[in-house]
Amino acid sequence: MPTSRTKPRRPARASAARSKPKTRAKTPPRKAAAPAPKAARPPAPKPAAAPGPIVAKGVPKGVPPKGVLKIAAAGPAAGPARSGAAAALPGKPARPAGKKSGRKSPLWQRRGPNGELFQPGDLLLPTGPQGPDEIQYLLRGSVAAEHAAPEAGVSEIVLKKGPEAEGDRGELSRFAEGLAERFESGTIEPLLPTRPVSRRNFSGVVERAKHRRREIGAFLRGLDLGRTESSHMDSHGEASLQSLMEWAARLENLAEADEPDTADYAQFHRGMDQLENTTEALIVDVELTLRRLRDRVKA
């Protein structure tokens with residue numbers, strides 16, 4: 001018989017049998033979003049310091065170098081700032097905006113070889129028409145001009161020749177009438193003058209170049225008397241007029257050129273023959289263009 005008593009085991013607690021629930025991780029409380037910082041105001045711009053005088057290097061202080069402009073510290077300029085040649089020079093008041101310049105064209109003060117001021121037409125034909133060929137081209141231009149001006153052409157011839165030419169006015173007027181009839185209803189063909197035999201040397205080439213340059217200038221002067229606007233011409237006639245003026249400039253350069261050491265002057269004169277034919281064809285093109293322009297205006 002056993003002496004020790006066995007203690008009955010206690011049943012396991014139901015709570016032990018249950019697994020303890022996992023603890024939920026605590027989320028930290030959300031912090032309120034901080035307000036966005038206010039944009040810092042940019043500092044007010046400091047007024048620009050007035051520029052001092054421009055001083056060249058190597059010049060001691062207090063001695064202004066020659067040709068240096070001192071810019072005075074003036075207040076803000078009225079209107080938009082201008083740069084380059086439009087900047088005002090010291091001592092001259094700034095020109096108010098919107099006001100037209102009173103400067104004249106540089107052509108008004110051009111002078112002739114003896115210092116005399118050029119008269120109207122002298123840039124194209126200095127001293128006026130001097131021979132029958134130049135008279136013909138002047139009247140051809142004044143008759144064919146956008147606003148026909150044969151009387152103005154005759155008056156300019158008489159004025160340039162002097163009072164003794166007043167007796168030739170009637171004959172010049174009849175000549176202008178014949179050219180006007182050719183232009184208005186006749187066939188416009190080249191009227192290249194007959195040339196005398198030229199010397200086969202450099203001075204002979206220069207004389208021909210000067211003479212042809214003056215003939216082209218006489219025709220252009222006639223167009224100018226009739227207030228011809230190249231913008232009213234068609235593209236073909238405008239191009240012919242532009243080429244004619246370019247040839248006149250080349251002839252002027254040739255007339256002022258230096259004599260070469262060696263040259264084939266026969267070849268020079270053959271080139272002058274071709275040049276005269278080319279420029280005459282351009283003159284006829286301009287005449288035909290202006291006749292078409294006049295017919296279009298009349299229609």
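These values consider heavy atoms only, across backbone and side chains, with no hydrogens, waters or symmetry-generated copies.
To the nearest 0.5 Å, atom CD of residue E246 and atom CG of residue L282 are 10.0 Å apart. Rounding to the nearest 0.5 Å places CD of E207 at 11.0 Å from CE of M272. Once rounded to the nearest 0.5 Å, the distance linking CG of D295 with CD of E184 reads 9.5 Å.
K210 has no carboxylate O lying under 4.0 Å from a charged side-chain N of E252, or vice versa, which leaves the two without a salt bridge. Salt-bridge annotation for E156 and R221: present, with a side-chain N of the basic residue lying under 4.0 Å from a carboxylate O of the acidic one. Salt bridge present: R208 and E276 bring a charged side-chain N and a carboxylate O closer than 4.0 Å. Here E215 pairs with R212 in a salt bridge; the nearest charged N to carboxylate O distance falls below 4.0 Å. Comment: E177 does not engage R174 in a salt bridge, judged by the lack of any side-chain N to carboxylate O separation of less than 4.0 angstrom.
In this structure a side-chain-to-backbone donor-acceptor pair under 3.5 Å is present from R294 to A145. Side chain of S240 to main chain of V286: no donor-acceptor pair is present (N/O by atom type, distance under 3.5 Å, no hydrogens or angles). In terms of modelled atom types and a separation under 3.5 Å, the side chain of R182 and the main chain of E189 share a donor-acceptor contact. Proximity of a side-chain donor or acceptor of E280 to a complementary backbone N or O of L191 within less than 3.5 Å is detected. In this structure, E134 contributes its side chain and P132 its backbone to no donor-acceptor pair below 3.5 Å.
Side-chain contact between S142 and Y137 is absent, with no heavy atoms from C-beta onward closer than 4.5 Å.
Heavy-atom contacts from other residues, nucleotides or ligands closer than 6.0 Å to CD of E181 number 12 or fewer. Atom CD of Q274 is surrounded by 12 or fewer heavy atoms from other residues, nucleotides or ligands within 6.0 Å. Taking a 6.0 Å sphere around CD of E171, one finds it holds 12 or fewer heavy atoms contributed by other residues, nucleotides or ligands.
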Check your understanding: Taking it one step at a time, do N277 and L192 satisfy side-chain contact (heavy atoms from CB on, under 4.5 Å)?
Key -> CA-CA 8 Å; N277 290 325; L192 193 63; 3.4 Å; yes
Check your understanding: Between L288 and R291, is a side-chain contact (heavy atoms from CB on, under 4.5 Å) present by the stated rule, with each step listed?
Key -> CA-CA 5 Å; L288 291 171; R291 183 159 76 174; 4.1 Å; yes
Review point. What's the verdict on side-chain contact (heavy atoms from CB on, under 4.5 Å) for H211 and V206, showing C-alpha distance, side-chain angles and the deciding distance?
Key: CA-CA 9 Å; H211 194 56; V206 169; over 6 Å; no
Exercise for review: Let me see the working for L220 and L241 under side-chain contact (heavy atoms from CB on, under 4.5 Å), right down to the final yes or no.
Suggested key: CA-CA 9 Å; L220 296 176; L241 182 60; 3.7 Å; yes
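Across all non-hydrogen atoms, the minimal contact from F183 to L290 is CZ-C, 3.9 Å. Nearest heavy-atom pair, E146 versus T228, reported as atom, atom and distance to 0.1 Å: N-OG1, 3.1 Å. When all heavy atoms are compared, the tightest approach of H269 to S198 is CE1-CB, 3.6 Å. Between A257 and F202, the shortest heavy-atom contact is O-CZ, 3.5 Å. Residues A176 and V154 come closest through the heavy atom pair CB-CG2, 4.3 Å. Taking every heavy atom of both residues into account, T289 and G237 meet most closely at OG1-CA, 3.2 Å.
Just one residue in the list L125, D133, L251 forms a side-chain contact (heavy atoms from CB on, under 4.5 Å) with R214, and that residue is L125. A side-chain contact (heavy atoms from CB on, under 4.5 Å) with F219 holds for exactly one of L244, L139, D224, L138; it is L244.
Under 3.5 Å, the side chains of Q136 and R140 contain a donor-acceptor pair of N or O atoms.
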